[in-house]
Amino acid sequence: MSDSTNNNRDTQDKDKFRDTVFLPKTDFPMRGNLPEKEPVMVQKWQDIDLYAKIRHASADKPKWILHDGPPYANGNIHMGHALNKILKDVINKSWQMMGYNAPYVPGWDCHGLPIEWKVEEKYRNAGKDKDDVDPIQFRKECREFAQEWVDIQSTQFQTLGVIGDWKNPYRTMTKHGEAQIAREIHKFLHNGGLYRGVKSVLWSTVEQTALAEAEVEYKEHKSITVWVRFPVVETACEALKNSDIVIWTTTPWTLPSNRGIFFNNDIDYGVYEITEVADDARCKVGDRLAFATKLSDQIKEQAKIIAMKKVAEFKGTETEGTICAHPLRGQGYDYDVPCHPADYVTDEDGTGFVHVAPSHGPDDFVLGSQYGLEITDNVDNDGSFKAHVPLFAGLKIYDENGKMDAGNFAPLKAMDEAGKLLSKGSVRHEYPHSWRSKAPLIFRTTPQWFIAMDNELGLRETALQAIKDTNWVPAKGEARINAMIAQRPDWCISRQRAWGVPIALFVDKKTLEPLKDDAVLKRITDAFEEHGSDAWWSMDAQEFLGSAYNAEEYDQIFDIVDVWFESGSTHSFVVDDREDLGNGENKQVDLYLEGSDQHRGWFHSSLLESCGTKGRAPYKNVLTHGFVLDDKGYKMSKSLGNIVDPLKLMKQSGADILRLWTMTSDYAEDIRIGKDTIKNTSDLYRRIRNTLRFLLGAMDGFTASEKIPEDQYKDMPELEKLMLHELSQMDQKIRGHIENYEFGKLATMLHQFCNNELSSFYFDIRKDRLYCDDATSFERRATRTVMTHIFDCLVTWLAPILSFTAEEAWSQKPDGIFEDAQSIHLRDFPTLPESWHNADLAGKWDKIIAARKQIQEAIEPLRASKGLGSSLEACPVLYATADQKEALESVDMADICITSGFKIEEGNANIEITKAEGEKCNRCWKVLPEVTNHANHICNRCDNVVNKKQAA
RNA sequence: GGGCUUGUAGCUCAGCUGGUUAGAGCGCACCGUUGAUAACGGUGAGGUCGCAAGUUCAAGUCUUGCCAGGCCCA
């Protein structure tokens, strides 16, 4: 007989018996093809209004509320948005499936500068000036712009698989939102938190307006530098007597506003007596000058001093209490100029002494205020000196084109004439300019509205306590926000802008006190509720003031409120005011969840706002995630060209890949994304998908009658019971992780369960039973019953993460076995019977599994030497102690090791692999002696099954 | 410049209060299977735990410095 004849017979037999084997069958494809399927599913969820169905189905369950932080309605979503929204969705779905009613109301931040700019830009491009546009019209265009992006982002978020109330999100620009934000401001008016103060801001003399930091561009600018002498008039420092302190500045125009001198306690200073000077030097022999010793050579050269000697040394600390005269004393500048320490003063350049004009620099302002230095009001909106300024009234710092003007040169000249100018020069340095006009900017103090941190309201104290009362996840977030709240200055909430909610107040022109009449305030917010805050511009002031007050005696405030105050108020106008979230019970929500930057942003402003109005935090738990970086750990940026676009990624790989990536990363830290990570995630995804596919295939044709009744579970084989135990273990771990906000471990755990417990263990072992056993046998029914339980659990556990894939798998399940839910997302995690838990069994099987592992290792060398192919060709002999022998004999080790035979002998621990005796069964492929006796070359078991099948 | 923070195999992550040869999954290599088949099973090779000092009988784990990142400020 030739080989080919043999092969033919084998092939025929194989074909013959292949049809009698119960191979897995399912329409759930191996390949996900997610980019095509996901959008269809999103559409379906919208069509059936899945969100409403979930709400309806869980209406009676206890509420669990994650309150969404509003993204800014401007531009397409980026990876950070994707991470944030996916995380929220996974967490929310998890709690929902734990048996809670977890509504998700997405929101948007709609007011603010970036949108205002975009609209302004449109006007500029049309050759119009924003200031010429009617504010109502301007705001209308801003609103339309914002709404456009709300709609776009809404669609994009939904493609991520995020389920929420997309039909009815919250927005900071709705009429109710604006009205309630105004009410919140009024609460601070009543509780004493709100006050009017001044603040140092960057000011454009050309546009005559304050600029936000984001409107400022830093570029090179040539400034005048001057070294100026301040004669010491009073000092406890012996060295300083009869000398002049030398300061250095690049802004000569600030000298008329000088009110102090700062030094550094740690710097070494010297007093130098001039002994020889050049002809064109501005100082003379015998002058005594004080400055930092480290800078003496530099100053000597600059001042054209040929020779000088150090006559005294002193530490910065000794300078305390020294008082100087202004260089223009006798010409209207007769006040004292005190010296104070300041850490920011260095001896890197200049003189080691810094001149202080509290009105014209942020450091000057903050420290100057602390030392009680006068905040001058010398400079007008257009950059000219006000009329009360001696010598320089009317002179402008910059002209209308932003060029340096007499306001800079005149003080310099006056100093020189007074003999107080030591030297002058120029320097090129980075300097703030207007984004719009490109003109250089100046610092100027302007009146602004503040919320006090430390007055009778005690906001800082309340907030610090609220931080302690909140659960911060990860815990390090607490230290971060605590430091910020502990150190922050009063909250400046006013902006001189158009697109926002006005700080809707009237201020008495005479007393400068804001009007606190409730009737007036109510008329204002009622009008906002009806017309939106546009009413502040469109209605007449007298309409708000009513008959009790005369509009002419009041200033109407047109400043708008900081957008952080708006989003910080969402706990009020969203959480408290929406029935679906709220409960109207003034209750804290369960979770705020944002990036770690929000310790300064939303967590922070929400905390202050809520502490000010409610005396406690708006949240119980705060979860933070890190930032998305590129594959090397660098920040994504256009210039580096390393941006990963979530929309593109979804089109290439699918949202479920993105979702899985999020959850397998340690999102508490910054996370990386790149080619490798996506590849890795796709591989993980394939394994999970194939596990679902195998389960679906294994359940092919399963009906309720095949299912083992609950009361017979005790008779199931141990392996089946072990798997039920594994399920109950998983169930407990999963619930524990969710309750402790340890979502990072979930996806990894699920994947490893698919991989280890299922694919390489249970499925591999039970393939024989599924494929070859009698379909009606108790054992096969038990296996298939357990498969339905595994599927029931796994598909639901996966649903929060792989929302699309789980839904797809759910749609492929056999009928009549599972809960009748239209969508997987309408389900809860299955409640597993207590009886499934079986620690003793698990303990026993630990040993069995260890033995299995040893057998597998022992087979390997034979395979390598070609002594063996399939493990079914082997018959291991295990030598073990009597105890072990007993345990192993109680189970079918051949099945478990997927070998055709298995012998256990008493003896010293050892393993021998022998070849199984007999021939390969043409149906089940086991190598058994009995096969030889059958005409069809099949084993007894298979023969029975085939005969029974034919009879049926 | 300041506050907070990160750095463990090619990738994603574990490593509790310092204690035997640093773990897992993926990927990779090799083998098996060809009845989960663009799948499945097994075995194996990969790490001076960012670098350098120090504390200790003992450090990935504690201290200090440095390097490279990140967030928030200035």
Side-chain angles (χ1 to χ4, degrees), chain A residues 14 17-26 28-31 213 343-344 346 348 362-363 366 474 476-484 486-488 595-601 604 624-635 660-661 663-666 668-687 689-698 744-745 747-749 751-756 758-761 763-765 767-768 770-772 852-853 855-866 868-873 897-898 923-925:
Chain A
K14 194 198 270 177
F17 292 107
R18 194 174 202 277
D19 297 338
T20 72
V21 175
F22 310 104
L23 295 180
K25 204 173 129 226
T26 175
F28 185 79
M30 186 176 290
R31 302 196 62 191
E213 192 55 43
D343 288 340
Y344 79 89
T346 70
E348 291 305 308
D363 288 327
V366 173
K476 65 188 178 194
E478 178 167 353
R480 195 166 176 195
I481 193 166
N482 192 72
M484 286 173 183
Q487 286 163 24
R488 67 155 300 144
S596 57
D597 57 333
Q598 298 303 326
H599 286 118
R600 169 62 71 183
H604 190 113
T624 48
H625 61 252
F627 279 70
V628 185
L629 309 173
D630 76 0
D631 48 355
K632 295 189 183 68
Y634 287 91
K635 187 187 168 84
L660 188 60
W661 162 78
M663 300 314 291
T664 51
S665 305
D666 180 11
E669 301 297 337
D670 292 344
I671 60 182
R672 303 176 180 203
I673 194 164
K675 272 210 168 96
D676 280 355
T677 31
I678 293 304
K679 167 80 166 49
N680 192 34
T681 309
S682 302
D683 289 336
L684 301 182
Y685 175 80
R686 275 216 319 271
R687 163 46 54 103
R689 185 174 178 90
N690 272 312
T691 303
L692 288 172
R693 182 165 186 266
F694 184 83
L695 281 166
L696 286 165
K745 291 176 179 161
T748 306
M749 205 173 77
H751 171 256
Q752 301 218 355
F753 181 67
C754 290
N755 209 47
N756 301 337
L758 298 182
S759 203
S760 74
F761 183 68
F763 291 175
D764 209 26
I765 292 170
K767 269 191 250 181
D768 175 72
L770 281 171
Y771 296 174
C772 300
R852 179 178 192 259
K853 172 83 176 161
I855 301 294
Q856 286 173 331
E857 280 171 14
I859 290 176
E860 198 57 24
L862 279 105
R863 212 176 254 151
S865 65
K866 306 295 175 192
L868 209 75
S870 158
S871 60
L872 283 175
E873 293 169 29
C897 297
I898 319 182
R923 184 164 176 276
C924 72
W925 297 348

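Proteins come first, then strands; the chains are lettered A, B, ... in the order of their sequence lines, and each starts at number 1.
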Tell me what [X] touches on the nucleic acid: a base, only sugar-phosphate, or nothing, going by heavy atoms under 4.0 Å.
X	value
A:Asn690	base
A:Ser759	base
A:Lys632	nothing
A:Arg923	base
A:Gly697	nothing
A:Phe694	base
A:Lys853	sugar-phosphate
A:Leu23	base
A:Arg863	base
A:Thr748	nothing
A:Glu860	base

Starting at atom [atom1] of [X], determine the distance to atom [atom2] of [N], rounded to an integer number of angstrom.
X	N	atom1	atom2	value
A:Arg686	B:C40	CZ	C1'	12 Å
A:Tyr771	B:A39	OH	C1'	10 Å
A:Asp666	B:U8	CG	P	11 Å
A:Leu770	B:C40	CG	P	17 Å
A:Lys767	B:A39	NZ	P	14 Å
A:Leu684	B:G27	CG	P	8 Å
A:Leu868	B:G32	CG	C1'	9 Å
A:Ile678	B:G27	CD1	C1'	15 Å

Which base, if any, makes a Watson-Crick or G-U wobble pair with [N], both distances under 3.5 Å?
N	answer
B:G65	B:C51
B:C4	B:G70
B:C30	B:G42
B:G25	B:C11

So which heavy atom on [X] is nearest to which on [Y], and how close?
X	Y	result
A:Thr677	A:Arg672	CG2-O, 3.7 Å
A:Asp670	A:Phe627	OD1-N, 2.8 Å
A:Arg852	A:Phe761	NH1-CD1, 3.6 Å
A:Thr691	A:Phe763	CG2-CE1, 3.7 Å

Kindly say whether A:Pro29 contributes a backbone atom to a donor-acceptor pair with the side chain of A:Arg689 at under 3.5 angstrom? yes

Under a 3.5 Å distance rule, please check whether A:Asn755 uses its side chain to pair with a backbone N or O of A:His751 as donor and acceptor. no

Is A:Trp925 stacked on the base of B:G35 when the test is centres under 5.5 angstrom and planes under 30 degrees? yes

From [options], pick the nucleotide closest to the side chain of [X]?
X	options	value
A:Phe763	B:A36, B:C13, B:G69	B:A36
A:Arg31	B:C72, B:A38, B:U5	B:A38
A:Gln856	B:G42, B:U12, B:C71	B:G42
A:Arg672	B:G25, B:U12, B:G42	B:U12
A:Asp597	B:C72, B:U33, B:A36	B:C72
A:Arg600	B:A68, B:C26, B:C73	B:C73
A:Arg693	B:A74, B:U37, B:C72	B:U37

Look at the side chain of A:Thr26 and the base of B:A36, then say whether one donor and one acceptor between them are separated by less than 3.5 Å. no

How far does the [atom1] atom of [N] sit from the matching atom of [M], given to the nearest Å?
N	M	atom1	value
B:C73	B:U61	C1'	32 Å
B:C13	B:A52	P	25 Å
B:C11	B:G47	P	13 Å
B:G18	B:U63	C1'	13 Å
B:A14	B:C67	P	28 Å
B:U5	B:A36	C1'	45 Å
B:G15	B:A59	C1'	13 Å
B:C16	B:G10	P	22 Å

For [X] and [N], is the shortest distance between a side-chain N/O and OP1 or OP2 below 4.0 Å?
X	N	answer
A:Lys866	B:G32	yes
A:Asn680	B:G25	no
A:Ser760	B:G42	yes

Output yes when A:Arg687 and A:Asp683 qualify as a salt bridge under the 4.0 Å nitrogen-oxygen rule, no when they do not. no

